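Contents: one structure, followed by commentary.
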Amino acid sequence: MKEVVKFGRPSGFFEKFERRPGPIKTNMHYCPGCGHGVLHKLIAEAIGDMGLKDKAVLVCPVGCSVFAYYYFDCHSIECAHGRAPAVATAISRTDPENVVIGYQGDGDLASIGFNQILQAANRGENMCVFFVNNAIYGMTGGQMAPTSLPGQKTQTSPCGRDVAETGYPIKVAEMIAQFEAPVYVERCALSRVPNIMAARRAVRKAIQNTVDKKGFSFVELLSGCPVNLKMKAHEMNEFLNEKMTKFFPLGVYKDVSAEREAIVRHTPIFEPDQVRELLFPEETKRAVDDNFRYTAKVFDEERRVKISGFGGQGVLSLGYLLATMGKLRNFNVSWLPSYGPEMRGGTANCSIVFSHTHVGSPQADHNCSMLICMNQPSVDKFLGQLGENGVLLYDASTIRQPEVSPDKTVYGLAASDLANTLGDQRVANSVMLGGIARLMQDCFLEGKESEDFDLAVEEAMNEHFAGKPQKVIDLNMKAYRLGKESVSIRFGARVK
Amino acid sequence: MMEKKKKTFRCVIRSEECKGCERCVEACPRGVLKMGTKLNLMSFPAVEYAGSGCIGCGGCFYSCPEPGAITIVEEVEE
Ligand SMILES: Cc1ncc(C[n+]2csc(CCOP(=O)(O)OP(=O)(O)O)c2C)c(N)n1
Ligand code: SF4
Ligand code: SF4
Ligand code: SF4
Ligand SMILES: [Mg+2]
């Protein structure tokens, strides 16, 4: 007599659940009769049978199945509540060979993280998602879920779910099936044996689709939470089969697995040098090497610069140019534009923060070292944010000479008028840059560093206008030099 | 009578892993599983196999939420 195991412990489980607390290391933490256990077995069996232990990545939710990673002998990761689809997306995109298996409950998927799953489905991410619909928040003790049935009594609907107050159960499988991208959507029930066997086929099909890189597969599983629903095994099965299927009919909602081609996406790049080259193409030859540092002590702490004007004056690109100069001279630097309705005619502004140490907040909204204003509302709005001993540069073509406290230094420059003499109003910002050069050289820089400023401007212009005709760069450089020569009003604490 | 090689099956319960949920009892078409009265280490009453009558359908195995509480063994004559 020989004995063979016909049905036994699925090989996709660890032999021993070392992470599981308590004396029994071979069963799971779920309550007696829990549907999670039934589904875990189907998934573990598929992972084992399909030889996916090294390729499968189980993406686990928050909910009773939060510890799913105790059990499966494959890769796994635990995610913030409802965010499994986002994490799963990253895992799938970074290595397309990963067989990504999402696992989520109804609170996790259909409530706090609902948009996440819809977007992942709509993008056709290559993954399969198993959605455990037990019509309840199991883990937190039985609160109403988006999928709780009308009239269903829960901790938070003690008189039964009132659809007038809380709407109807959300039919997730139906919704997902409406999207173009998903390849396979089915709803099964982990109730009686024939239904479980249908779920077993669905689980395998969904995983096989992922192996074949077909895209997004979704299986919703009506599942028992006998503890919170206070039901015995046969009552639970009855509830799933009779009550739940009324609202959540079983069946295949979409299946285009056979006709869809495997998805081809861009090959991810991880090599740091390659990434750097792609993100920051080195188009500019720099006059300085990587160890170069301005020695001026003023930059030992954060220096905040605010540039403001009306939309269209080029204040954002002036700020960007300044930040580029900082980057080219190895400062830690940030540039933060304020986008908004201002962009269409009101005040637009940006913040630049320079430092040789750290840059904390990129927002220059207090204690600014430098304020550059190109229209009157900007002065009115931001002068109060100029710090002690701060320097103001304003466009004297249109702005009244501002009154400031004696510690401040003020530069006026008729940038717009000068730009007009050059025949192009758009270069007013480069004229202002000339003013900035003058005030930097007066107030912040010395010696070699002061001389380097012009060079840094030229390098930044080359980078900023890369791809534009040389005459654009020439005009802007001309505007810059004109501005530098023309600073007309200078008074205050720092003027030598 | 024709000589027919009869397959025999056995349902093996690992009582320590059983939580007494009765899903397997519900699932068995032959009624050969029933709840026992003895409590296991975790104080759950474990299910028991009648000792004969199993047809190896696997229904109890797939209904059971625990990985290895149930094993269905086929006894093959050599
Ligand atoms: C951000 C956040 N909000 C709320 C919670 C509390 N919380 C834990 S599990 C859960 C709901 C779980 O329900 P479901 O997804 O249906 O899983 P089940 O336990 O029913 O399988 C909630 C709200 C949390 N952990 N994190
Ligand atoms: S509370 Fe419900 S869903 Fe959670 S483990 Fe228990 S039976 Fe399962
Ligand atoms: S295998 Fe089938 S017949 Fe045998 S005990 Fe399980 S459910 Fe009953
Ligand atoms: S289904 Fe599993 S856990 Fe539940 S009583 Fe049967 S053997 Fe025990
Ligand atoms: Mg739930």
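Please read these numbers as outputs of a predicted model, since none were measured by experiment. All heavy atoms count here, side chains included; hydrogens, waters and symmetry mates do not. Order of the sequence lines fixes the chain letters, A, B, ..., with proteins taken first and strands second; residue numbering starts at 1 for each chain.
Two residues are said to be in side-chain contact when any heavy atoms from C-beta on lie closer than 4.5 Å; A:F7 and B:C57 fail this criterion. B:I72 is not listed as a side-chain neighbour of A:V5, based on a closest heavy-atom distance of 4.5 Å or more. By the 4.5 Å heavy-atom criterion applied to side chains, A:N27 and B:K19 are counted as neighbours. The shortest side-chain heavy-atom distance between A:M28 and B:P65 does not fall under the 4.5 Å cut-off. At a threshold of 4.5 Å between non-hydrogen side-chain atoms, the residues A:M197 and B:Y62 count as touching.
When heavy atoms are compared at a cutoff of 4.5 Å, A:Y71 does not approach chain B at all. Both the backbone and the side chain of A:H234 come within less than 4.5 Å of a heavy atom of chain B. With a threshold of 4.5 angstrom between heavy atoms, A:L39 does not approach chain B through any atom at all. Neither the backbone nor the side chain of A:P226 has a heavy atom closer than 4.5 Å to any heavy atom of chain B. The parts of B:E16 that come within reach of chain A are both its backbone and its side chain, each placing non-hydrogen atoms under 4.5 angstrom from that chain. Interface remark: A:K41 contributes side-chain atoms only to the contact with chain B (heavy atom separation under 4.5 Å). Contacts of A:M236 with chain B are absent, with no heavy-atom separation under 4.5 Å from either backbone or side chain.
Chain A forms more heavy-atom pairs under 4.5 Å with one residue of B:M42, B:E26, B:E22 than with any other, namely B:E26. Between chain A and the options B:G58, B:G20, B:C60, heavy-atom pairs under 4.5 Å are most frequent for B:G58.
The NZ atom of A:K6 sits 13.0 Å away from the CD atom of B:E75 when rounded to the nearest 0.5 Å. Atoms CD and CD, from A:E3 and B:E74 in turn, are 10.5 Å apart once rounded to the nearest 0.5 Å.
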(message) Checking A:I196 against B:S63 for the side chain to side chain contact (heavy atoms under 4.5 Å, CB included) test, could you report, in this order, the C-alpha distance in whole Å, the side-chain angles of both residues, the deciding distance, and whether it holds?
(response) CA-CA 7 Å; A:I196 298 175; B:S63 296; 3.8 Å; yes
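Between B:R23 and A:N237, the side chains place a donor N or O and an acceptor N or O closer than 3.5 Å (distance only, hydrogens not considered).
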